[in-house]
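Let me begin by presenting the structure, written as structure tokens, before commenting on it.
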Amino acid sequence: MNEKVAMLLNEQINKELYSAYLYLDISNYYDSLDLDGYANYYMIQAQEERDHALLFLKYMQNNGLKVTLEAIGKPDKEFTSVLQPLKVAAEHERYVTDLINNIYHEAHQAKDYRTMKFLDWFVDEQMEEEKNADTMISRYHLFGQDPKSLYLLDQEYAARVYTAPSLVL
């Protein structure tokens, strides 16, 4: 495998683990507001991101590559409103999309079709993640400033359940 592609894949493991940590922090914030549905939604996001990191790790292992785990940085946001974490999450998803696109670009340059195929799932996943993040912001703007409507949104997010990724390596 191309050295730069391998390096980017390894870095992505840490980025995915940071994403899990960020979403855990967001979940914790919503829990402190007694918005259990929002807390649930982001706890599941944290689980998904952790599993994404494990998918990258397993892909590297399956390709005989050395994996180097790095320290996970502390999330650096202080939340002061219900809306702010939603915006942070949407911004973060766009950042992750850029990271995935960059790895895909480098894999394409290196004619690493196996890695491109592996990344296809993540490209689709990021499109879904960005849409979900933007929808949560739109719904908050439409309904969330009314306490009864915020309660209903919170109940909707409380119903979300975790489904592990179906990508098989």
Side-chain angles (χ1 to χ4, degrees), residues 8-9 11-59 72-105 115-169:
L8 291 171
L9 289 169
E11 288 175 359
Q12 192 63 28
I13 294 168
N14 196 66
K15 304 286 187 184
E16 297 289 342
L17 291 171
Y18 173 82
S19 297
Y21 206 37
L22 174 64
Y23 290 140
L24 185 60
D25 193 41
I26 292 173
S27 176
N28 187 50
Y29 173 73
Y30 284 128
D31 184 73
S32 75
L33 300 178
D34 291 325
L35 289 170
D36 297 337
Y38 280 89
N40 175 64
Y41 186 92
Y42 282 101
M43 182 62 71
I44 290 171
Q45 283 299 109
Q47 291 171 309
E48 282 187 3
E49 301 302 342
R50 179 209 57 216
D51 282 353
H52 294 170
L54 296 176
L55 289 170
F56 277 99
L57 182 133
K58 192 64 179 167
Y59 179 76
I72 302 169
K74 178 183 180 204
D76 62 350
K77 303 291 183 192
E78 283 289 325
F79 303 120
T80 57
S81 70
V82 174
L83 179 60
Q84 186 186 13
L86 300 178
K87 289 182 174 181
V88 167
E91 178 184 316
H92 186 73
E93 289 301 337
R94 286 187 288 279
Y95 168 70
V96 172
T97 296
D98 288 344
L99 293 171
I100 298 295
N101 288 343
N102 186 47
I103 301 169
Y104 200 98
H105 172 76
T115 298
M116 290 167 58
K117 183 167 177 51
F118 168 72
L119 291 171
D120 282 343
W121 184 86
F122 289 96
V123 170
D124 292 342
E125 175 73 4
Q126 282 310 119
M127 183 171 60
E128 179 184 328
E129 293 293 358
E130 285 188 44
K131 182 185 181 316
N132 290 342
D134 290 341
T135 297
M136 288 182 81
I137 292 170
S138 295
R139 286 182 172 185
Y140 180 80
H141 282 302
L142 288 170
F143 313 115
Q145 295 163 4
D146 170 64
K148 289 179 185 176
S149 296
L150 179 61
Y151 175 79
L152 292 175
L153 283 173
D154 192 56
Q155 293 302 300
E156 179 182 330
Y157 298 137
R160 184 180 187 207
V161 295
Y162 180 64
T163 306
S166 59
L167 185 64
V168 178
L169 301 177

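Positions are given from 1 along the sequence.
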* Asked: Under the side chain to side chain contact (heavy atoms under 4.5 Å, CB included) criterion, do Tyr95 and Lys15 qualify, and how do the steps go?
  -> CA-CA 10 Å; Tyr95 168 70; Lys15 304 286 187 184; 3.2 Å; yes

* To do: Could you tell me how the ring of Tyr157 sits relative to the ring of Tyr38: parallel (under 30°), tilted (30 to 60°) or perpendicular (over 60°)?
  =>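 Perpendicular: the ring planes of Tyr157 and Tyr38 meet at over 60°.
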
Between [X] and [Y], which heavy-atom pair has the shortest distance, and what is it?
| X | Y | result |
| --- | --- | --- |
| Asp31 | Ala39 | N-CB, 3.8 Å |
| Ala53 | Ile13 | CB-O, 3.6 Å |
| Ala89 | Ile26 | CB-CD1, 4.3 Å |

* Given salt bridge (charged side-chain N to carboxylate O under 4.0 Å, His left out), test Lys87 with Asp134 step by step and report yes or no. => CA-CA 8 Å; Lys87 289 182 174 181; Asp134 290 341; over 6 Å; no

Within-4.5 Å side-chain heavy-atom neighbours: [X] and [Y]:
| X | Y | result |
| --- | --- | --- |
| Met136 | Arg139 | no |
| Leu9 | Tyr59 | yes |
| Ile44 | Thr163 | no |
| Leu86 | Leu83 | yes |
| Ile103 | Phe122 | no |

Hey, what do you get for [atom1] ([X]) to [atom2] ([Y]), rounding to the nearest 0.5 Å?
| X | Y | atom1 | atom2 | value |
| --- | --- | --- | --- | --- |
| Leu55 | Leu119 | CG | CG | 11.0 Å |
| Ser19 | Leu24 | OG | CG | 12.0 Å |
| Ile137 | Leu142 | CD1 | CG | 12.0 Å |
| Phe143 | Leu152 | CZ | CG | 10.0 Å |
| Tyr23 | Met43 | OH | CE | 14.0 Å |
| Leu17 | Leu22 | CG | CG | 12.5 Å |

* In terms of side-chain geometry, is the basic nitrogen of Arg160 or Glu48 positioned less than 4.0 Å from the acidic oxygen of its partner? ->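 Salt bridge flag = yes for Glu48 with Arg160.
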
Quiz question: by atom type and distance under 3.5 Å, do the side chains of [X] and [Y] form a donor-acceptor pair?
| X | Y | result |
| --- | --- | --- |
| Tyr104 | Asp120 | yes |
| Ser27 | Tyr41 | no |
| Gln12 | Glu16 | yes |

Between the main-chain N or O of [Y] and the side-chain N or O of [X], is there a donor-acceptor pair closer than 3.5 Å?
| X | Y | answer |
| --- | --- | --- |
| Tyr30 | Val82 | yes |
| Gln84 | Thr80 | yes |
| Gln126 | Glu93 | yes |
| Tyr29 | Ser81 | yes |

Report, one line per pair, each donor and acceptor closer than 3.5 Å where one atom sits in a side chain of residues 72-79; sequence neighbours left out.
none

* Walk me through it: do Tyr42 and Gln47 pass the test side chain to side chain contact (heavy atoms under 4.5 Å, CB included)? => CA-CA 9 Å; Tyr42 282 101; Gln47 291 171 309; over 6 Å; no

* **Validation row, ring centre Phe118 to ring centre Phe56 under 6.0 Å** =>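 Close enough - the centres of the two rings lie under 6.0 Å apart.
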
* Which is it for Glu130 and Thr97 under the side chain to side chain contact (heavy atoms under 4.5 Å, CB included) test, yes or no, and what are the steps along the way? -> CA-CA 8 Å; Glu130 285 188 44; Thr97 296; 2.5 Å; yes

